[in-house]
2 protein chains.
Amino acid sequence: MDTRQRLLDATRELLWQRGYAATSPNAIMKAARAGQGSLYHHFAGKEDLAAEALRGSAEQLREEAAAILDGEGSPAERIERYLTRERDSLRGCRIGRMTADADVLTSDRLRQPVSETLAWLVDRLAGLIADAQAAGELRADLDPRATASCVASTVQGGYVLARAAGSTEPFDQAITGAVQLLRGAMVG
Amino acid sequence: MDTRQRLLDATRELLWQRGYAATSPNAIMKAARAGQGSLYHHFAGKEDLAAEALRGSAEQLREEAAAILDGEGSPAERIERYLTRERDSLRGCRIGRMTADADVLTSDRLRQPVSETLAWLVDRLAGLIADAQAAGELRADLDPRATASCVASTVQGGYVLARAAGSTEPFDQAITGAVQLLRGAMVG
DNA sequence: GTCTATAGCAGGATAGAC
DNA sequence: GTCTATCCTGCTATAGAC
């Protein structure tokens with residue numbers, strides 16, 4: 001793997017672990033086993049490197065989610081599978097995490113992959129919920145977009161509870177709660 | 001107001017806005033209009049000051065939540081009122097926010113108010129849900145703790161979506177979604 | 001492409017005067 | 001209690017050699 005790619009991979013990992021502000025070029029260089037010269041040869045600076053790394057993380061998140069959301073099964077089954085999919089909940093969401101970083105929110109280049117990815121996710125979930133309603137699986141009185149936002153928020157907020165507790169349990173509970181509520185809204 | 005209190009207030013505000021790592025003693029001093037001598041006279045250092053400030057924020061959050069959760073109305077009404085209470089969703093949660101700060105998670109003194117407060121919140125919500133079930137308001141097949149975790153996660157995750165979008169709308173949608181799902185689980 | 005040297009600046013804290 | 005001076009470290013980046 002070439003140096004440029006190692007720098008990107010290391011950056012993605014550190015952004016996930018520590019966020020943008022707390023990730024120093026120095027730490028990236030060490031993790032990537034690359035020198036200062038390499039970093040500033042391949043990238044204009046920290047923000048440039050982080051922006052490209054973040055685009056990669058966003059794309060990966062979309063691919064992993066799409067594999068479930070566009071996968072096998074009925075719409076309602078896919079929503080439930082999205083919720084219950086295995087997650088390393090103590091690590092949190094590599095994209096949602098960036099939301100706590102003021103520097104990310106004030107930089108268009110850094111913010112864009114974050115906002116676009118989460119908007120895409122809610123859109124896709126809302127479409128699936130509408131499909132489930134059209135298929136007669138889910139009660140028609142739910143607002144698809146509101147339900148989708150609640151589903152996505154449960155995941156994002158579950159990470160918060162888990163990390164606060166230092167335990168995966170609150171995350172699992174939150175998912176269970178969402179699944180139970182959704183099942184209660186199933187037709188039949 | 002004395003200098004010590006001004007330092008605490010400024011710290012609480014900055015911790016909310018920027019988190020722990022990104023909040024410098026210098027910024028606190030400026031916001032509190034206090035000198036370096038004052039800060040290090042009243043507090044052992046940044047962590048000490050932040051720990052006390054965080055305890056204050058945690059207490060305030062508990063008080064505000066308890067005012068609703070222990071307030072007027074039936075259990076189910078109070079849960080719904082907790083969800084729909086007005087919030088500055090773009091600011092996020094002053095406690096949940098700390099969860100993204102690695103330094104907070106690795107310091108017992110900083111982590112404790114965060115973990116305890118969110119644990120208290122979920123506990124209290126779970127009790128209220130059990131009460132609603134006992135009162136025949138809510139279907140008995142919901143697990144109280146799971147439902148409570150989902151409710152708390154919806155709020156915490158709603159902040160994430162709102163901040164990513166730079167708009168309060170995703171938060172409001174998530175809350176609406178949770179309310180609709182809960183209403184669907186009402187008896188009768 | 002990668003290296004080392006160097007720079008300017010801010011973070012977090014201590015010391016000692018007042 | 002508060003002030004100023006000072007310290008060391010690490011961040012982010014540039015310069016120029018190889």
message = More than 12 heavy atoms of other residues, nucleotides or ligands under 6.0 Å from CZ of R145(B): yes or no?
response = yes
message = Counting only side-chain nitrogens and oxygens, does S38(A) get under 4.0 Å of the OP1 or OP2 atom of dG1(C)?
response = no
ask   = For atom CG of D108(A), is the number of surrounding heavy atoms from other residues, nucleotides or ligands below 6.0 Å larger than 12?
value = no
key: Shortest non-hydrogen contact from L15(B) toward A53(B)   = CD1-CB, 4.2 Å
query = Does T3(A) put a side-chain nitrogen or oxygen below 4.0 Å from OP1 or OP2 of dG1(C)?
reply = no
key: Footprint string (nucleotides 11-18 of chain C, 5' to 3'): B base within contact, S backbone only, - free, heavy atoms under 4.0 Å   = SSBB----
ask   = Expressed in angstrom and rounded to an integer, what is the separation of I28(A) atom CD1 from dT2(C) atom P?
value = 16 Å
key: Atom pair OH (Y82(A)) and CZ (R124(A)), whose distance is rounded to the nearest 0.5 Å   = 12.0 Å
message = Can you measure M29(A) atom CE to dA13(D) atom P for me and round it to whole angstrom units?
response = 12 Å
remark   = Rounded to whole Å, the CZ-P distance (R4(A) to dT2(C)) equals 12 Å
query = Can you tell me how far P of dT2(C) sits from CZ of R33(A), to the nearest Å?
reply = 13 Å
ask   = Do you know which two heavy atoms are closest between P170(B) and S167(B), and how far apart they sit?
value = CD-O, 3.2 Å
Closest non-hydrogen atom pair between Y20(B) and K46(B), with its separation = O-NZ, 3.0 Å
note = In whole angstroms, the gap separating P of dG1(D) from CZ of R6(B) amounts to 14 Å
task = Check each residue of residues 100-114 of chain B for a non-hydrogen atom within less than 4.0 Å of any atom in DNA chain D, then write out the ones that pass by number, or none.
result = none
query = Side chain of Q133(B), backbone of L142(B): donor and acceptor closer than 3.5 Å?
reply = yes
query = Among pairs that include at least one residue of residues 167-188 of chain A, which meet ring-ring contact (aromatic ring centres under 6.0 Å, His included), considering only residues two or more places apart or in two chains?
reply = Y159(A)-F171(A)
ask   = To the nearest Å, how far apart are H42(B) NE2 and dT2(D) C1'?
value = 8 Å
task = For a side-chain contact (heavy atoms from CB on, under 4.5 Å) with T147(B), tell me which candidate from L181(B), L125(B), I79(B), L182(B) qualifies.
result = L182(B)
remark   = Rounded to whole Å, CG of D48(A) lies from P of dT14(D) at a distance of 12 Å
